[in-house]
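Residues take their numbers from the sequence shown, with the count starting at 1. Counting starts at 1 for both ligands and their atoms, in listed order. Predicted model only: the values in this text are computed from it and were never measured.
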Amino acid sequence: MGRPIYRIETPAGDPAWRVCGHSEVKALLGDQRLGKAHPDPPSAGWYSRDDLAGRPIGGSETEYAEHTAWRKAMNRVFSPQDLERCAPDVTRIAAETAGALAACATPVDLSDAFSTPFASRVICHLIGVPDEDIPLLREWTEEGGRLADMNRSLSGITRMMGYVNRMVRDRRGKPGSDTVSLLLATAAPDDRMHQGRVVKLVAGMLAFGRETPASSLNWAVMLLLANPEQLRLVRADPRLLRGAVEESLRLFKPPAATDEGLLRYAHTDIEIAGVTIEVGDMVLLDLVAANHDSAVFPDPERFDVRREPNQHVAFGHGFYMCNFTRLARVELTIALRELLDRFPGLRLAVAPEQLEFKHHLRTGGLAGLPVAW
Ligand code: HEM
């Protein structure tokens, strides 16, 4: 492991601190002296000029107060127990999607034929969106997540927001027991700011809540199939499935605003690991580097389903940590179990070195996963 924190220049030509050490990343993610907002937005450095995500969001004084109220509302609708209760539906959707996969001729792209439809149906079921709209959601998410094409990115985001706006308007007029109605009911009916937040969250869930679990599932299957000795261990002892899920999350590249990690700005001077991050400085918290820190993860490149402890930060940490870790873990565990049980001969149809990545999308991940059985 090199230096835990050092200066870099961003693609926009602005200076930033890149933080790579596991303990420094974790400490800063838990530190409210930095946030997504900048104390003086006009003077903020940017990560990228042609990517909407590479700049500050909101005003720093109200950032944490506003987000605390919002997270409380989110947790009332998506408590870990609520998300755990989705397990029977997730199991049914995994079995149905695997049934359709079994009818495919091989080799087949597991991403298109299983991971993406599975993750899409789960999130649509959770939010109450019809399965027929999945192709549209996929098109808008891919447009919205495009790197280096701001117009297409804006068009995807606008179309997704328009769709969710209409859904929120409908549910406001005719509330039911669905997720959007429950989210709306956590504030007064005339609270416009709250409605805006619901739209943003639901759009985020429809985009990242499909793409990220699908990508991480592809990643987990690839790691297991490319490491037959680890696959054998999991097949011999299904309790190791939990370890396989955590280890593939550790080695996964989670979604982030920038290629070099989560984007934050210092709201005050911060001393850490022998350096002073000054107020207003841009800070990039590199989750991938932190998850490969050899001081915490011995032999970090190795995929080891028995790694214990495995304190990865794939979901982030602290205030902004992913609110859906329980759902993501339920999805990964159930889908992997279904695939391993139903396809005892599952194997990669190409050499691991031939697999390609989605370089043009912020969500990244494998461009496809050809398999046979
Ligand atoms: C393997 C799956 C997943 C991974 C690795 C992952 C990773 C992350 C990470 C790293 C963050 C923190 C971003 C930050 O600190 O700036 C985050 C936030 C978030 N994730 Fe996930 N996520 C996953 C699954 C999901 C799912 C299934 C959903 C929706 C159902 C979801 C929705 C969100 C939302 C809405 C946020 C923003 C939370 C906030 O700002 O308070 N994620 N996720």
Side-chain angles (χ1 to χ4, degrees), residues 19 25-26 28-32 34-37 47 53-54 56-58 63-64 66-75 77-78 80 82-83 86 90 115-116 118-129 137 141 164 179-180 183 197-221 244-258 260-265 283-288 290-291 312-336 362-365:
V19 188
V25 164
K26 231 173 148 177
L28 289 173
L29 281 172
D31 191 332
Q32 298 196 3
L34 76 175
K36 296 186 181 187
Y47 181 77
I57 307 171
E63 176 175 357
Y64 285 103
E66 275 179 20
H67 203 72
T68 302
W70 173 230
R71 271 209 89 125
K72 258 195 207 146
M74 259 205 278
N75 287 341
V77 180
F78 300 117
D82 287 324
L83 294 174
C86 296
V90 176
S115 312
T116 305
F118 162 72
S120 303
R121 285 187 61 196
V122 168
I123 197 73
C124 287
H125 177 79
L126 181 70
I127 296 177
V129 165
L137 301 174
T141 307
V164 179
T179 300
V180 173
L183 279 168
R197 285 197 205 106
V198 172
V199 170
K200 214 171 125 214
L201 173 69
V202 174
M205 289 174 72
L206 286 174
F208 294 112
R210 282 178 341 94
E211 273 287 314
T212 322
S215 282
S216 58
L217 176 57
N218 288 335
W219 194 245
V221 173
V245 166
E246 295 309 316
E247 185 65 341
S248 41
L249 284 167
R250 181 182 73 83
L251 293 172
F252 180 63
K253 184 167 190 230
T258 84
E260 286 158 294
L262 301 173
L263 175 62
R264 300 289 193 267
Y265 293 92
V283 183
L284 303 170
L285 299 157
D286 192 332
L287 303 182
V288 175
N291 283 341
H312 65 75
V313 284
F315 292 111
H317 174 73
F319 197 68
Y320 284 110
M321 183 174 174
C322 183
N323 214 39
F324 298 91
T325 58
R326 196 64 70 105
L327 176 65
R329 287 181 162 118
V330 164
E331 282 186 71
L332 281 168
T333 309
I334 290 175
L336 282 178
R362 180 168 320 109
T363 40

Check: L287 and L262 side chains under 4.5 Å, non-hydrogen atoms: yes
Could you tell me whether ligand 1 has any atom less than 4.0 Å away from a heavy atom of N323? no
Please state which protein non-hydrogen atom is closest to atom 15 (O) of ligand 1 and give its distance, to 0.1 Å? R264 NH2, 2.8 Å
To check you understand the geometry: which heavy-atom pair defines the closest contact between F208 and P213, and what is its length? O-CD, 3.3 Å
Write down the atom of F319, the atom of R71, and the distance for their closest heavy-atom approach. O-NH1, 3.0 Å
Could you tell me the residue and atom name of the protein heavy atom closest to atom 35 (C) of ligand 1, and the distance to it rounded to 0.1 Å? L201 CD1, 3.5 Å
If you define the side chain from C-beta out and look only at heavy atoms, does anything of E331 sit under 4.5 Å from F118? yes
Are the side chains of E246 and R329 in touch, meaning some heavy atoms are under 4.5 Å apart? yes
Considering only protein heavy atoms, which is closest to atom 41 (O) of ligand 1, and at what distance to one decimal place? R71 NH1, 2.6 Å
Within 4.0 Å of atom 37 (C) of ligand 1 (strictly less), any protein heavy atom? no
Would you tell me which option among G261, C322, P254 has the nearest heavy-atom contact to atom 42 (N) of ligand 1? C322
Give the contacting part of Y320 toward ligand 1: side chain, backbone, both or neither, where contact means a heavy-atom distance below 4.0 Å. both
Considering only the protein, which heavy-atom contact is closest to atom 30 (C) of ligand 1, and what is its distance? I123 CD1, 3.2 Å
Restricting to non-hydrogen atoms, name the atom on V313 and the atom on A290 that form the minimum distance, rounded to 0.1 Å. CG2-CB, 3.9 Å
Taking the non-hydrogen atoms of L249, is any one of them nearer than 4.0 angstrom to ligand 1? yes
What do you reckon, does S216 have a nitrogen or oxygen under 3.5 Å from a nitrogen or oxygen of ligand 1? no
To check your reading of the model: name the closest protein heavy atom to atom 13 (C) of ligand 1, its residue, and the distance in Å. L262 CD2, 3.8 Å
Numbered in order shown, the ligand 1 atoms found under 4.0 Å of a heavy atom of L287 are 10 (C)
Using heavy-atom distances, let me know which of T325, V313, T212 sits nearest atom 4 (C) of ligand 1. T212
May I ask whether atom 8 (C) of ligand 1 is less than 4.0 Å from at least one protein heavy atom? yes
As an exercise, state the distance from NE2 of H125 to SG of C86, rounded to the nearest 0.5 Å. 7.0 Å
Contact atoms of ligand 1, heavy-atom distance to G316 under 4.0 Å: 10 (C)
When you measure from the heavy atoms of K36 to every atom of ligand 1, does any distance fall below 4.0 Å? yes
Interfacing atoms of ligand 1 (cut-off 4.0 Å, heavy-atom, A314): 5 (C), 7 (C), 10 (C)
Looking at ligand 1, is there an atom of it that comes within less than 4.0 Å of some heavy atom belonging to R329? no
Protein heavy atom at shortest distance from atom 33 (C) of ligand 1: F324 CD1, 3.8 Å
Where is the tightest heavy-atom contact between M205 and I127, given as atom of each residue plus distance? CB-CD1, 3.8 Å
Quick check: do L249 and L332 have side-chain heavy atoms less than 4.5 Å from each other? yes
Would you say F315 contacts ligand 1, with heavy atoms under 4.0 Å as the rule? yes
Would you check if V77 and D82 make a side-chain contact, meaning some heavy-atom pair closer than 4.5 Å? no
Run the ring-centre check on F252 versus H312 and record whether the distance is less than 6.0 Å. no
Heavy-atom closest contact (V202 atom, V180 atom, distance): CG2-CG2, 4.2 Å
For R210 against T116, the heavy-atom pair lying closest together: NH1-CG2, 4.2 Å
Among non-hydrogen protein atoms, atom 27 (C) of ligand 1 lies closest to P213 CG, 3.6 Å
